[in-house]
Amino acid sequence: MAVPNEEDKLTVKPSANKESSDLVNEQELAGLRHQVVLLAETLEKMRLAEYIGYLNRPGRMLWFNFLVGLIRGLGTALGAGLLAGFAYFLLKRIVVLNLPVIGGFIAELSKYVNQP
């Protein structure tokens, strides 16, 4: 029995399987095309080009972030004011109930709020 040489193992001999390898290559290529199309659609949905353009203009980015911070601060102030007003309204209602400990505390708090 003969032992095959290393050279025989390394050489690739053309065979009838070339058509099947071309088919596999075409299938792989079609799969890659599909992946590239999906990637392009995803990047378009992310608006990556607009984001990169936004980052290339630092002045616009600073101005936009300033406006966002201003609006966020205004919203926080209005929200805190409304919440404090609602809490004050509830506390005034509790004073009407004449609860012994809480009522006196709330009455003093109301005096401080109503001072000019």
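The basis for the numbers below is simple: all heavy atoms, side chains too, and nothing from hydrogens, waters or symmetry mates.
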Can you hop from [X] to [Y] via hydrophobic side chains spaced under 4.5 Å?
X: L62; Y: I71; answer: no
X: L90; Y: V113; answer: no
X: L48; Y: L39; answer: yes
X: L43; Y: I52; answer: yes

> Does CZ belonging to F64 count more than 12 external heavy atoms closer than 6.0 Å?
Replying inline: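 No - once you tally the heavy atoms of other residues, nucleotides and ligands closer than 6.0 Å, there are 12 at most.
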
Spatial distance of atom [atom1] ([X]) from atom [atom2] ([Y]) [nearest 0.5 Å]:
X: Q35; Y: E28; atom1: CD; atom2: CD; answer: 12.5 Å
X: L70; Y: N65; atom1: CG; atom2: CG; answer: 12.5 Å
X: L78; Y: L74; atom1: CG; atom2: CG; answer: 4.5 Å

> Do the side chains of E50 and Y54 get nearer than 4.5 Å, heavy atoms only?
Replying inline: no

